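Take a look at the structure below.
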Amino acid sequence: MPPCPGFSAQRWQEMREAAIDFPDRFGEDAIALAWTVTDLFGVHPTVGVVRVDYCGGLMINARRVEAIGDTWIRYGNQTYRRDRPGRPVGVPVWEVGR
């Protein structure tokens, strides 16, 4: 069952699998590069992934991460950037509705 609004069951399953893959492959790099929980798993506190501007790098794309840098995550030909001026900060996806 999806943890927050905006996910279909199938989309959540795909997103979850990609997010579970991330720590094994990039966890140490993410820590060294100071990625935070909300940088990775953030969503809007009440409307979840419906507000994409609140989403962290692992909540915006259901594809597995291919590379990580100090301000970006790349999945194929798409890149998530955490250094956008004025980007709101969400809550970890597992805290929605609490």
Side-chain angles (χ1 to χ4, degrees):
M1 181 163 148
C4 69
F7 280 127
S8 66
Q10 180 178 347
R11 179 81 169 165
W12 168 242
Q13 185 60 36
E14 294 166 353
M15 190 81 68
R16 183 178 177 277
E17 288 173 12
I20 288 170
D21 176 70
F22 180 83
D24 290 339
R25 295 177 52 225
F26 298 102
E28 289 181 22
D29 293 334
I31 291 168
L33 294 167
W35 283 81
T36 67
V37 170
T38 54
D39 287 337
L40 297 170
F41 299 98
V43 296
H44 187 276
T46 57
V47 297
V49 297
V50 173
R51 286 286 306 267
V52 178
D53 55 332
Y54 278 79
C55 289
L58 301 179
M59 297 292 101
I60 200 128
N61 195 314
R63 296 175 65 186
R64 293 179 192 257
V65 171
E66 294 178 7
I68 183 173
D70 60 340
T71 60
W72 53 269
I73 291 176
R74 188 174 62 237
Y75 343 71
N77 63 352
Q78 294 180 315
T79 302
Y80 169 85
R81 299 198 61 89
R82 69 172 172 170
D83 60 346
R84 293 174 300 159
R87 181 177 74 96
V89 178
V91 299
V93 67
W94 53 86
E95 291 185 8
V96 172
R98 288 188 181 175

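Because the structure is predicted, anything quoted here is derived from the model rather than measured.
One finds the OG atom of S8 at 9.0 Å from the CE atom of M15 (value rounded to the nearest 0.5 Å). Here the OH atom belonging to Y80 is positioned 11.0 Å from the CD1 atom belonging to I68, to the nearest 0.5 angstrom. Taking OH of Y75 as the start and CG of L58 as the end, the distance is 6.0 Å to the nearest 0.5 Å. Atom SG of residue C55 and atom CZ of residue R87 lie 9.5 Å apart, to the nearest 0.5 angstrom. Atom CH2 of W12 is separated from atom CD of E17 by 10.5 Å, given to the nearest 0.5 angstrom.
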> Between L40 and I73, is a side-chain contact (heavy atoms from CB on, under 4.5 Å) present by the stated rule, with each step listed?
Replying inline: CA-CA 9 Å; L40 297 170; I73 291 176; 3.7 Å; yes
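When atom types are taken as modelled, the side chain of R82 and the backbone of D70 share a donor-acceptor pair closer than 3.5 angstrom. Using a distance-only test at 3.5 Å, with no hydrogens or angles considered, no donor-acceptor pair links the side chain of Y54 to the main chain of V47. Under the 3.5 Å distance criterion, the side-chain polar atoms of E66 are matched with a main-chain donor or acceptor of G76. Here the side chain of R25 pairs a donor or acceptor atom with the backbone of V65 at under 3.5 angstrom. With W35 contributing its side chain and G69 its backbone, the two residues share a donor-acceptor pair below 3.5 Å.
F7 and I20 fall into different hydrophobic clusters, where Ile, Leu, Val, Met, Phe, Trp and Tyr are joined by side-chain heavy atoms under 4.5 Å apart, directly or via other members.
Between V93 and R16, every side-chain heavy-atom pair lies at or beyond the 4.5 Å cut-off. Counting only heavy atoms from C-beta outward, the side chains of V37 and W94 approach each other to under 4.5 Å. In this structure, P92 and T38 have side chains that are in contact, with non-hydrogen atoms separated by less than 4.5 Å.
Between the side chains of T71 and R81, at least one donor-acceptor pair of N or O atoms lies under 3.5 Å.
Q78 and R63 get closest at one heavy-atom pair: OE1-NH1, 4.4 Å.
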